[in-house]
Amino acid sequence: MRAHQNGTISAEVSDFLLNCFVRSPSWQLWLSLPLSLLFLLAMGANTTLLITIWLEASLHEPMYYLLSLLSLLDMVLCLTVIPKVLAIFWFDLKSISFFACFLQMYIMNCFLAMESCTFMVMAYDRYVAICHPLRYPSIITDQFVAKAAAFILSRNVLFTVPIPILSVRLHYCGRNTIENCICANMSVSRLSCDDVTINRLYQFAGGWTLLGSDLILIFLSYTFILRAVLRLKAEGAVAKALSTCGSHFILILFFSTILLVFVLTHVAKKKVSPEVPVLLNVLHHVIPAALNPIVYGVRTQEIKQGIQRLLKKGW
């Protein structure tokens with residue numbers, strides 16, 4: 001039991017209930033089928049991509065190692081969120097333990113930041129390939145990928161650790177129903193009896209510092225790429241250069257757009273239904289995961305040929 005500022009005494013809750021789409025329960029019905037199909041597509045497509053890159057010796061290059069890392073991050077994000085959401089939709093399994101909730105919160109924040117950082121490293125890879133092609137083999141090496149992976153891991157693991165720590169230190173009493181499908185930081189912190197100003201500030205500052213700096217560097221890289229491409233005079237060189245990094249830019253643009261929409265719905269939450277940010281939060285963990293391997297598989301000739309060779313071998 002714990003005493004609080006208002007003089008009441010209540011026991012701290014032992015677990016949470018995820019109660020999403022309270023105002024629009026019918027959303028669960030029509031969303032469950034496409035969500036499950038997207039989940040299966042994401043798992044299948046990313047697994048196929050990883051196996052193709054692993055088995056095809058011609059794809060054992062830095063660019064494809066980075067793509068493998070992106071696929072792994074997508075799969076972890078999907079597995080962390082979507083099975084639980086589908087369990088809520090189909091079996092009404094809303095309960096989630098403290099440990100599972102804060103673990104999900106950490107993985108979502110950490111791996112989303114790692115995905116953003118991976119896009120940034122991939123943008124640098126494309127920048128070197130287009131703007132300094134002769135130096136590309138000496139700059140983008142296996143050692144570079146290993147160092148980049150270590151940077152992606154260490155930066156985002158360290159910077160996102162305070163998010164669940166700040167939330168778990170709060171006192172949760174009385175209410176235990178999270179009005180969300182996932183354990184989003186502020187959705188959980190809002191249930192606390194304590195002041196959550198620090199949580200809000202760190203979430204805002206951390207998000208814009210990590211994701212914001214990545215996006216700035218990404219679009220700076222593509223500004224240099226576009227400038228270099230427009231200077232190419234050889235016949236077909238412009239089309240080839242744009243094709244080389246086109247799929248990557250499409251995915252980054254989609255990643256940035258869905259994040260921007262999500263932020264804007266939170267800013268204008270009084271003007272939009274509170275269910276919309278919840279829906280976008282769920283979709284953001286499955287749509288990019290399903291889209292990334294498909295776009296690369298369709299637009300990257302080497303991957304397409306690798307998949308075809310594996311199919312001929314009976315995989």
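Residues: numbered from 1 along the sequence shown. These values consider heavy atoms only, across backbone and side chains, with no hydrogens, waters or symmetry-generated copies.
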Worksheet item: Got Y127 and H132 here, is their nearest side-chain heavy-atom distance under 4.5 Å?
Response: yes
Worksheet item: Under 3.5 Å, side chain of S95 to main-chain N/O of L17, donor-acceptor pair present?
Response: no
Response to the item:
By side chain to side chain donor-acceptor pair (under 3.5 Å), K84 pairs with (sequence neighbours left out) none
Practice prompt. For F159, look at atom CZ and say whether over 12 heavy atoms of other residues, nucleotides or ligands are found less than 6.0 Å away.
Written response: no
Worksheet item: Between D125 and Y136, does a side chain to side chain contact (heavy atoms under 4.5 Å, CB included) hold up when you go through it step by step?
Response: CA-CA 8 Å; D125 169 84; Y136 181 82; 2.6 Å; yes
Response to the item:
Taking every heavy atom of V85 against every heavy atom of C181, the minimum-distance pair comes out as CG2-O, 3.8 Å
Worksheet entry | Spacing of Q305 atom CD and L59 atom CG [to the nearest 0.5 Å] | 9.5 Å
Worksheet item: Minimum heavy-atom separation for L38 to A290, with atom names?
Response: O-CB, 4.0 Å
Fill in: V161-F99 co-clustered via ILVMFWY side chain contacts under 4.5 Å
yes
Worksheet item: Do M43 and L79 come close enough that some side-chain heavy atom pair is under 4.5 Å?
Response: yes
Practice prompt. Please name the pair of heavy atoms, one in S58 and one in R309, separated by the smallest distance, quoted to 0.1 Å.
Written response: OG-NH2, 3.5 Å
Worksheet item: Closest approach of C78 and P83, non-hydrogen atoms and distance?
Response: O-CD, 3.3 Å
Discussion item. Keeping R126 on the side-chain end and S221 on the backbone end, is there a donor-acceptor pair under 3.5 Å?
Written reply: no
Item to complete: Output, in order, the C-alpha distance, side-chain angles, deciding distance and verdict of side chain to side chain contact (heavy atoms under 4.5 Å, CB included) for L69 and V145.
Response: CA-CA 10 Å; L69 177 59; V145 174; over 6 Å; no
Practice prompt. Treat each ILVMFWY residue as a node, draw an edge where side-chain heavy atoms are under 4.5 Å apart, and state whether F224 and I216 are in one component.
Written response: no
Worksheet item: Donor-acceptor pair, T223 side chain versus F219 backbone, under 3.5 Å?
Response: yes
Discussion item. Is there a side-chain contact between I303 and L49 in this structure, where contact means two heavy atoms from C-beta onward sitting under 4.5 Å apart?
Written reply: yes
Practice prompt. Kindly compute the distance separating CZ (F119) from CG (D214), expressed to the nearest 0.5 Å.
Written response: 11.0 Å
Fill in: Close side-chain approach of E115 and N292, heavy atoms under 4.5 Å
yes
Practice prompt. Check the surroundings of atom NZ in K304: do more than 12 heavy atoms from other residues, nucleotides or ligands lie under 6.0 Å from it?
Written response: yes
Practice prompt. Could you tell me whether the side chain of N281 reaches within less than 4.5 Å of the side chain of M108, counting heavy atoms only?
Written response: no
Worksheet, complete the sentence: Between the CH2 atom in W208 and the OG atom in S213, the distance rounded to the nearest 0.5 Å is 11.5 Å
Discussion item. If you apply the rule side chain to side chain contact (heavy atoms under 4.5 Å, CB included), what do you find for I163 with Y106, and how did you get there?
Written reply: CA-CA 7 Å; I163 293 175; Y106 177 66; over 6 Å; no
Worksheet item: Going by heavy atoms in the side chains, are E302 and Y64 under 4.5 Å from each other?
Response: yes
Discussion item. Would the distance check show the side chain of Q104 and the main-chain N or O of T80 forming a donor-acceptor pair, the cut-off being under 3.5 Å?
Written reply: yes
Practice prompt. May I have the step-by-step check of side chain to side chain contact (heavy atoms under 4.5 Å, CB included) for R155 and L210, ending in yes or no?
Written response: CA-CA 9 Å; R155 187 198 78 162; L210 297 177; 3.7 Å; yes
Discussion item. Going by side-chain hydrogen bond (donor to acceptor under 3.5 Å, both in side chains), name the pairs with one or both residues in residues 36-52, residues two or more places apart or in two chains.
Written reply: N46-S71
Worksheet item: Within the side chain of T141, is there an N or O that forms a donor-acceptor pair under 3.5 Å with the backbone of S138?
Response: no
Practice prompt. To the nearest 0.5 angstrom, please state how far the CZ atom of R200 sits from the CG atom of D195.
Written response: 9.0 Å
Item to complete: Using a 4.5 Å cut-off on heavy atoms from C-beta on, say whether the side chain of V282 contacts that of V286.
Response: no
Discussion item. Please determine whether residues I140 and L220 belong to a single hydrophobic cluster, defined as Ile, Leu, Val, Met, Phe, Trp and Tyr linked transitively by side-chain heavy-atom distances below 4.5 Å.
Written reply: yes
Worksheet entry | Shortest non-hydrogen contact between S116 and L211, atoms and distance | CB-CD2, 3.3 Å
Discussion item. Can you confirm whether R169 is buried at CZ, in the sense that more than 12 heavy atoms of other residues, nucleotides or ligands lie under 6.0 Å from that atom?
Written reply: yes
Fill in: Test side chain to side chain contact (heavy atoms under 4.5 Å, CB included) applied to S167 - qualifying residues, sequence neighbours left out
F102, M105, Y172, N185, S189, N199
Worksheet entry | By ring pair (Phe, Tyr, Trp, His ring centres under 6.0 Å) - contacts of F144 (at least two apart) | Y124
Worksheet, complete the sentence: On a heavy-atom basis, the closest approach of P288 and D74 is O-OD2, 4.0 Å
Discussion item. I need the T160 OG1 to Q203 CD distance, nearest 0.5 Å.
Written reply: 10.0 Å
Worksheet item: For C117, what residues pass the disulfide bond (SG atoms under 2.5 Å apart) criterion, not counting sequence neighbours?
Response: none
Discussion item. I'd like to know whether CD of E179 has more than 12 heavy-atom contacts from other residues, nucleotides or ligands below 6.0 angstrom.
Written reply: no
Fill in: Distance, nearest 0.5 Å, that separates CG of L18 from OG of S187
9.5 Å
Practice prompt. Check for a donor-acceptor pair, side chain of Q28 on one end and backbone N or O of C20 on the other, with a separation under 3.5 Å.
Written response: yes
Response to the item:
Residue set satisfying ring pair (Phe, Tyr, Trp, His ring centres under 6.0 Å) with H60, at least two apart, ordered chain then number -> none
Fill in: L37-L77 co-clustered via ILVMFWY side chain contacts under 4.5 Å
no
